[in-house]
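See structure below.
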Amino acid sequence: MPTTWVLWLSDCGGKETWTESLKQLGVARTVKEFEDLYQQLPKPSELVPGVDYEFFRDGLVPDWDRKDMHGDGGRWVMNDANIQRRSLDEVWRCLCKALLTGAFGKYEEFICGVYVKIRKTACKATDRT
(Lines give C-alpha, C1' and ligand atoms only; values in the text may rest on other atoms or scores of the structure.)
Protein backbone atom coordinates (compact mmCIF):
# COMPACT_ATOMS: atom_id res chain seq x y z
CA MET A 1 0.00 0.00 0.00
CA PRO A 2 1.47 3.38 -0.99
CA THR A 3 2.47 5.84 1.69
CA THR A 4 0.50 9.09 1.83
CA TRP A 5 2.67 12.20 1.95
CA VAL A 6 1.52 15.69 2.96
CA LEU A 7 2.90 18.92 1.49
CA TRP A 8 3.14 21.76 4.01
CA LEU A 9 4.13 25.42 3.74
CA SER A 10 5.55 27.43 6.60
CA ASP A 11 6.04 31.17 6.36
CA CYS A 12 8.39 32.32 9.11
CA GLY A 13 8.15 35.93 7.98
CA GLY A 14 4.83 36.69 9.66
CA LYS A 15 4.02 37.56 13.24
CA GLU A 16 2.58 34.12 13.96
CA THR A 17 4.46 31.41 15.79
CA TRP A 18 6.10 28.81 13.57
CA THR A 19 3.37 26.28 14.37
CA GLU A 20 0.65 28.81 13.51
CA SER A 21 2.37 29.61 10.20
CA LEU A 22 2.25 25.95 9.10
CA LYS A 23 -0.35 25.32 6.39
CA GLN A 24 -1.24 22.01 4.75
CA LEU A 25 -1.25 22.44 0.96
CA GLY A 26 -2.22 18.97 -0.20
CA VAL A 27 -1.55 15.24 -0.13
CA ALA A 28 -0.02 12.81 -2.61
CA ARG A 29 0.25 9.02 -2.78
CA THR A 30 1.45 8.83 -6.38
CA VAL A 31 3.85 10.73 -8.60
CA LYS A 32 0.89 11.94 -10.69
CA GLU A 33 -0.84 13.38 -7.62
CA PHE A 34 2.41 15.09 -6.62
CA GLU A 35 2.98 16.48 -10.13
CA ASP A 36 -0.58 17.86 -10.21
CA LEU A 37 0.00 19.57 -6.85
CA TYR A 38 3.51 20.75 -7.86
CA GLN A 39 2.15 22.44 -11.01
CA GLN A 40 -0.39 24.46 -8.99
CA LEU A 41 2.10 25.98 -6.56
CA PRO A 42 5.05 28.37 -6.74
CA LYS A 43 8.33 26.54 -7.28
CA PRO A 44 10.88 26.69 -4.44
CA SER A 45 12.91 29.17 -6.50
CA GLU A 46 9.91 31.51 -6.52
CA LEU A 47 9.47 31.56 -2.74
CA VAL A 48 10.70 34.49 -0.66
CA PRO A 49 13.31 34.00 2.09
CA GLY A 50 11.76 32.62 5.27
CA VAL A 51 9.28 30.38 3.47
CA ASP A 52 9.68 26.59 3.52
CA TYR A 53 8.02 23.62 1.87
CA GLU A 54 7.86 20.38 3.86
CA PHE A 55 6.80 17.00 2.41
CA PHE A 56 6.12 14.61 5.29
CA ARG A 57 4.47 11.28 5.95
CA ASP A 58 0.79 11.60 6.69
CA GLY A 59 0.32 11.77 10.45
CA LEU A 60 3.66 13.50 11.09
CA VAL A 61 3.70 17.26 11.55
CA PRO A 62 7.05 18.80 10.55
CA ASP A 63 7.75 20.14 14.04
CA TRP A 64 11.35 19.40 15.07
CA ASP A 65 10.65 20.02 18.74
CA ARG A 66 8.20 17.09 18.89
CA LYS A 67 10.48 14.32 20.17
CA ASP A 68 7.40 12.09 20.50
CA MET A 69 7.04 12.21 16.70
CA HIS A 70 10.62 12.37 15.50
CA GLY A 71 12.57 10.83 18.38
CA ASP A 72 16.30 11.21 18.18
CA GLY A 73 16.41 11.20 14.39
CA GLY A 74 18.95 13.01 12.31
CA ARG A 75 19.01 14.77 9.01
CA TRP A 76 20.90 15.02 5.77
CA VAL A 77 21.37 18.56 4.48
CA MET A 78 22.31 19.86 1.07
CA ASN A 79 23.32 23.43 1.87
CA ASP A 80 24.99 25.43 -0.85
CA ALA A 81 25.05 29.20 -1.12
CA ASN A 82 25.93 28.82 -4.81
CA ILE A 83 23.08 26.52 -5.81
CA GLN A 84 21.16 27.84 -8.76
CA ARG A 85 17.53 28.43 -7.85
CA ARG A 86 16.37 26.54 -10.96
CA SER A 87 18.47 23.57 -9.84
CA LEU A 88 16.83 23.74 -6.42
CA ASP A 89 13.42 23.25 -8.06
CA GLU A 90 14.60 20.04 -9.70
CA VAL A 91 16.35 18.74 -6.56
CA TRP A 92 13.16 19.34 -4.54
CA ARG A 93 10.98 17.68 -7.17
CA CYS A 94 13.30 14.66 -7.40
CA LEU A 95 13.48 14.21 -3.61
CA CYS A 96 9.69 14.21 -3.32
CA LYS A 97 9.31 11.82 -6.25
CA ALA A 98 11.95 9.53 -4.73
CA LEU A 99 9.84 9.24 -1.59
CA LEU A 100 6.74 8.46 -3.64
CA THR A 101 8.44 5.75 -5.70
CA GLY A 102 10.30 4.02 -2.88
CA ALA A 103 13.71 4.97 -4.30
CA PHE A 104 15.28 4.98 -0.82
CA GLY A 105 14.64 1.25 -0.56
CA LYS A 106 15.12 -0.27 2.87
CA TYR A 107 15.99 3.15 4.32
CA GLU A 108 12.64 4.71 3.41
CA GLU A 109 11.02 3.59 6.66
CA PHE A 110 13.49 5.82 8.52
CA ILE A 111 12.61 8.97 6.57
CA CYS A 112 9.95 11.23 8.10
CA GLY A 113 10.05 13.74 5.26
CA VAL A 114 12.00 16.27 3.27
CA TYR A 115 12.00 20.04 3.26
CA VAL A 116 13.35 22.92 1.29
CA LYS A 117 14.26 26.17 3.03
CA ILE A 118 14.69 29.47 1.26
CA ARG A 119 16.98 31.89 3.06
CA LYS A 120 18.79 35.06 2.05
CA THR A 121 22.23 33.47 2.32
CA ALA A 122 21.53 29.95 1.03
CA CYS A 123 18.91 27.44 -0.03
CA LYS A 124 18.69 24.05 1.69
CA ALA A 125 17.19 20.75 0.66
CA THR A 126 17.01 18.34 3.57
CA ASP A 127 15.63 14.97 4.58
CA ARG A 128 14.55 14.36 8.12
CA THR A 129 14.84 10.98 9.81
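The shown structure was predicted, so the numbers you read here are calculated from the model rather than taken from an experiment.
Judged by distance alone, with hydrogens and angles left aside, the side-chain atoms of Glu35 form no donor-acceptor pair with the main-chain N or O of Val31 at under 3.5 Å.
In this structure, Phe110 CZ and Phe104 CZ are separated by 13.5 Å, a value rounded to the nearest 0.5 Å. Note that the CZ atom of Phe34 and the SG atom of Cys96 stand 4.0 Å from one another [nearest 0.5 Å]. For the atom pair Leu37 CG and Lys32 NZ, the distance stands at 11.5 Å (nearest 0.5 Å). In this structure, Lys23 NZ and Leu7 CG are separated by 14.0 Å, a value rounded to the nearest 0.5 Å.
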Inset, instruction - For the pair Leu99 and Ile111, evaluate side-chain contact (heavy atoms from CB on, under 4.5 Å) and give the outcome as yes or no after the intermediate values. - result: CA-CA 9 Å; Leu99 290 174; Ile111 299 174; 3.8 Å; yes
Inset, instruction - Begin from the C-alpha positions of Leu88 and Val116 and carry the test side-chain contact (heavy atoms from CB on, under 4.5 Å) through to its verdict. - result: CA-CA 9 Å; Leu88 180 66; Val116 61; 3.7 Å; yes
Legend entry - Val51/Ser10 under side-chain contact (heavy atoms from CB on, under 4.5 Å): CA gap, chis, key distance, verdict: CA-CA 6 Å; Val51 176; Ser10 58; over 6 Å; no
Inset, instruction - Before giving the answer on side-chain contact (heavy atoms from CB on, under 4.5 Å), spell out for Tyr53 and Leu9 the whole-Å C-alpha distance, their side-chain angles and the decisive distance to 0.1 Å. - result: CA-CA 5 Å; Tyr53 279 146; Leu9 173 108; 3.5 Å; yes
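The side-chain heavy atoms of Arg57 and Thr3, taken from C-beta on, include a pair separated by under 4.5 Å. Annotation: side chain of Glu54 is in contact with side chain of Leu22 (closest heavy-atom distance under 4.5 Å). With a 4.5 Å cut-off on side-chain heavy atoms, Thr30 and Leu100 do not count as touching.
When only modelled atom types and interatomic distance are considered, Ser21 and Asp11 share no side-chain donor-acceptor pair under 3.5 Å.
Here the shortest heavy-atom pairing between Phe56 and Leu60 reads CB-O, 3.8 Å.
Between Arg93 and Asp89 there is no salt bridge, since no side-chain N of the basic residue sits under 4.0 Å from a carboxylate O of the acidic one. Using a cutoff of 4.0 Å between basic side-chain nitrogens and carboxylate oxygens, Glu46 and Lys43 are not scored as salt-bridged.
The aromatic rings of Trp92 and Phe55 lie perpendicular to each other, with more than 60° between the two planes, well past the 30° mark.
Taking the side chain to side chain donor-acceptor pair (under 3.5 Å) definition, one finds that Asp58 meets it with nothing, sequence neighbours left out.
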